[in-house]
Each structure stands twice: as structure tokens, then as C-alpha cells.
Engineer: 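Have a look at this one.
Residues take their numbers from the sequence shown, with the count starting at 1.
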Amino acid sequence: MEEDFEFGSPEEQKISVDRYEEMLRNEDQYFFDAKAFESIIDYYISKNDPIKGLQVIEFASAQHPFETMFLIKKAQLLASTLQYEPALDALNKAELLEPSEGDIYLIKGTILSSLQEHALAEENFFKALELSDAKDEVYYQIAGLYQMQGSYQKAITYLKKCLKVNMDNQEALYEIAFCYDVLEQQQESIQFYLQYIDTDPYSYAAWYNLGNAYHKLGDFNAAIDAYDYAILINESFSSAYFNKGNALVNLDRYAEAIDVYKQTFEHETPNADTYCAIGECYEKLELMDQARQFYKKAVKLDSNQSDAWFGIGVTLDFEERYFESLHFYKKALEIDDENPDYWFAIADARYKLKQFEQSIEAYSKVVELNPTDAEAWLDYSSLLFEQSRLDEAIEVISEAIKCNPDEATLYYRMVAYMFAAGKYTEALSFLELALNVEPEKHYILFEYLPQLQGNQIIVDIIKKYTEGR
């Protein structure tokens, strides 16, 4: 068969592919023009079948030996399977045939970037910039290279250039948010998205990223307004619903958050994260049956959803079903044994079950993982104190103070332990330290050891720091 077949519609693409596969079955040689071959290659790329795509390129290159496009496609397919050196060889051949083709240098730049050859990658990207018509894509790749090198400010410059050429480049719009986030420049991020929205007020992605920037600054009401605009423009934008739900949670508006989270199910398949978030809202509302129901839905979808296993434990703990709660805390811990919240919950449950030694072990793990958790240090030492292990309690609080030198509650607790140990001079020294840090919190000393209210020396020292305040 010698007839040509011109590339055109998807239907014609299918005819070309069928004809190519017939040729293979018949072990024959059919002629295809370059456009038809390109269509067949693109078909296999769309099917994520690089091996068949490369096989087509061999046939195509044999029939069209001076067609640069096949060498470029070959390089792309080889790079997609991490065969970087042969991919670069193909691009070098393409460059000899057509040195003014911008795509050669763009693809070469991305491969060199993957090989950490940053200087060579940059050189090729800027060459592509001179020659390519798709300048927005080149700017985007240059920005990606600078991100890899940690030069986020330079990356932002090129992402902005990308958007100036093509305002509809959604990836660039999201990457700018990421760069500002890494640089902790949320105000600059807000300013950028507000300016962008002035130019394109119907960009739901810009409103969404603006909402995220407000969210990170803790301005949850402004975040909700921005998410609402994103949803107004694109009512099926499930991520905006989800993040709006998160903002409502941060405002303690749990019932509203539940409604918003549930709206995501109208636009995407329910997922474990959303079920877990709804469960947490019901938990905050102390509706433990409903909370448990959603946590169970989460683990049914994803058995590795540790927060959902933990949430089930919290609901049972609330109902004073401590032994059962312990089982679910352990399930969470099996998935994430470095989570201090899980260890804290286990320590508390063990304590309530009067399993004091195991509770002490769990508390030691909490403070190892999160040494800035003053509450954990206090509970840990308190348990030792209750077990008449006063020296160990003092040792624990001493370590806690080293880790948290500005936490007054720890100094006040040390005062109580020193008095209990009969070390009055040391106790008064720690009292002075505590009052220097936060004098208004002196009441917690009396909450822990009420009998100290009758100690005139302590009362006088406290007066010295608190009178006139």
C-alpha cells in the first residue's frame, strides 16, 4: 500500500493508528506522511505507552530521516523513562538538523535540570527563550530551575513574566503562591493576587490563592470572602469549599464548616481527608456519635488515615471508655509513631486506667518528640510527684525549663516541688524567676499547692512583683 494519509481529526488519528497496527500485524511496510506519524506517536503518548511511541519513531525516522520533530519526540519519550543520556543524544542530532528550533533547547534544559546541571540548563533555557514562540512555557521552566536552586525570588520574577505573556497559565499562578509561601511573604502574595484580580476578576485560581494567603496570615474572614468569590466563579471548585471549611473551623464555626465540607461531595468523590475534617467538627461540637461515624468512614476509605483512628479514640475517651480509646490511639500510633499528640493521648489514657508506669513511659516519649509542650512536661512531672518520685519530678521540670526558658508555669511548678522537698531557698529563687517572667500567673502556684497561700514569705514576694501592676 503506497497511499498517503493526511493527519487531521481524532477520527483520522484512529484510522492512522489502526492502519499502523495492521502494518505490524502483517509484518509489512506502509508509508505514512510525517503528520500521520506524529499523530500516531501522540496517541501512544496519550496512552502512556512510551515503548510503542519509540517504536513508531523508529519507523518514522526511517521514512523521514531529516524530520527534526521525530528526534524531539524521541527525546521527550526517553526523558519520560529517565533515559537522559540517549535523550540528549537525540536532541544533539536534532540541533544539527535544525539549530533554530526552540523546543530542542527547552527540552534539553529540562533534562539538564533533572541531572542537576543547573548552569547548562539555564544556558539552554535562555537559548530557547530567543527562539521559541511559546515564551510562557520557557519562562515557567526557568522559574522551576530557580526554585530547584532555592532562588525563590528569582523564580517569582520569571513566573510573573510567564503570566504577562499568558495570563491563563494556571500552573504559574499556583507556583507563585508556593514561592511566596516558602519566603513567608504572605503580604506580598496578597498584593500580587489583588493586582492580578484587578486585571482578571474572573480568575477563580487567583481568588483561591488569595484566600490561602489570607488564611496563612490568620485573617480567616478575608480568606472566606476570597474562597466565596472562587466558588462563585467556579461552583465545582472543591478545593475552595474544603479550604473555606478549614477557615470556618479556625473561627470555631463548626456547624457551618460541616455544611461546607459536605458541599465538596457534590463536586468530587468523598475522600478520607474530608470525612476526617467533618468528624473533627462534630467532635468539637461534642456530638461524638456523629464524629465517630465520619471518622469510621475516613478509615474505611483509607486505613492509613491516622488522624481518623485517633479521632475515634478521642470520642471514646470523651465517653470515659478509656480502654477502648487506647486501642484506637495505638492504631494511630502504628501509622505515625512520631506524633507527640498520639503519645500524649496514650499517656493520659494509661493514667486514667491507673497504668502509671506505662503512662510515665508515654509522657517521656511526648517530651522527647515535642520538648516545647509545657503541658506535657507538667503532666509528666505531676504523675511522678503523685507516685512519690519527687526527685524525678524535679529533674523533669528542670529539663523542661532548659527547653522552655520563657514558660512561667514551669517555674511556678518547680517552686511547689522545691517546697515539697524542703528546699526553701531554691524554691524562693524559682519563685523570683517565675514572677520575673509572668507575675500575673502566680495563682497557679496556689492551685497546685493550696497550703502555700499561708506562707507569708511567698505572699510578700508575690506582692512585691504584683502591686501597682
Side-chain angles (χ1 to χ4, degrees), residues 239 242-243 245-246 249-250 254 257-258 261-262 264-265 268-384 386-387 389 392 396 399-400 403-404:
S239 294
F242 185 80
N243 282 13
N246 292 342
V249 165
N250 279 297
Y254 302 114
I258 289 166
Y261 285 136
K262 286 181 177 177
T264 65
F265 301 151
E268 69 174 11
T269 307
N271 61 69
D273 287 337
T274 309
Y275 278 144
C276 192
I278 293 170
E280 286 178 21
C281 288
Y282 279 121
E283 180 196 313
K284 294 290 186 185
L285 293 168
E286 297 188 359
L287 298 169
M288 296 305 175
D289 283 340
Q290 290 98 314
R292 197 153 48 239
Q293 176 191 339
F294 277 91
Y295 285 138
K296 284 179 178 176
K297 285 183 178 187
V299 295
K300 191 172 181 182
L301 278 183
D302 179 7
S303 61
N304 286 317
Q305 179 69 259
S306 59
D307 280 346
W309 290 115
F310 179 70
I312 295 170
V314 170
T315 65
L316 293 164
D317 189 289
F318 183 84
E319 294 168 358
E320 299 183 7
R321 295 157 66 182
Y322 306 125
F323 189 77
E324 292 171 80
S325 74
L326 195 57
H327 167 76
F328 289 97
Y329 292 151
K330 285 180 182 174
K331 292 279 286 183
L333 206 62
E334 284 170 18
I335 299 161
D336 180 7
D337 67 353
E338 298 282 292
N339 189 311
D341 292 338
Y342 301 168
W343 281 105
F344 201 142
I346 284 175
D348 185 55
R350 296 278 193 200
Y351 176 77
K352 288 166 180 169
L353 290 166
K354 302 192 186 311
Q355 298 173 358
F356 299 126
E357 279 305 317
Q358 288 161 296
S359 180
I360 288 166
E361 287 172 21
Y363 275 124
S364 72
K365 191 70 179 175
V366 180
V367 296
E368 176 193 325
L369 293 169
N370 185 13
T372 60
D373 188 341
E375 187 185 346
W377 285 108
L378 292 167
D379 286 356
Y380 181 16
S381 70
S382 187
L383 176 51
L384 290 165
E386 286 173 24
Q387 297 301 301
R389 292 160 66 172
E392 289 174 74
V396 164
E399 188 61 32
C403 298
N404 305 275

Engineer: Of all the heavy-atom pairs spanning Ile346 and Leu333, show the shortest one and how long it is.
Structural biologist: CD1-CD2, 3.5 Å
Engineer: Is it true that the side chains of Ser382 and Asp379 contain a donor and an acceptor less than 3.5 Å apart?
Structural biologist: no
Engineer: Within a radius of less than 6.0 Å around CZ of Phe323, do more than 12 heavy atoms belonging to other residues, nucleotides or ligands occur?
Structural biologist: no
Engineer: Assign the ring pair Phe265 / Tyr275 to parallel, tilted or perpendicular, where the plane angle (0 to 90°) is split at 30° and 60°.
Structural biologist: tilted
Engineer: The test is side chain to side chain contact (heavy atoms under 4.5 Å, CB included); show your working for Ser325 and Tyr329 and say whether it passes.
Structural biologist: CA-CA 6 Å; Ser325 74; Tyr329 292 151; 3.7 Å; yes
Engineer: State whether the side chain of Trp343 and the backbone N or O of Asp337 hold a donor-acceptor pair below 3.5 Å, judged by distance alone.
Structural biologist: yes
Engineer: State whether a side-chain donor-acceptor pair under 3.5 Å links Thr315 with Asp317.
Structural biologist: no
Engineer: Tyr295 and Tyr282: aromatic ring centres closer than 6.0 Å?
Structural biologist: no
Engineer: Surrounding CZ of Phe242 (heavy atoms of other residues, nucleotides or ligands, distance under 6.0 Å), is the total greater than 12?
Structural biologist: yes
Engineer: Taking Asn246's backbone N and O only, do any of them form a donor-acceptor pair with Asn250's side chain (distance below 3.5 Å, no angle check)?
Structural biologist: yes
Engineer: Side chain to side chain contact (heavy atoms under 4.5 Å, CB included) with Ile360: which of Arg350, Gln355, Arg389?
Structural biologist: Arg389
Engineer: Decide whether Asp307 and Tyr342 meet the rule of one side-chain donor and one side-chain acceptor closer than 3.5 Å.
Structural biologist: yes
Engineer: Mind checking whether Leu384 and Phe356 have side chains closer than 4.5 Å, heavy atoms only?
Structural biologist: no
Engineer: May I ask you to say whether Asp348 pairs ionically with Lys352, meaning some side-chain N is under 4.0 Å from a carboxylate O?
Structural biologist: yes
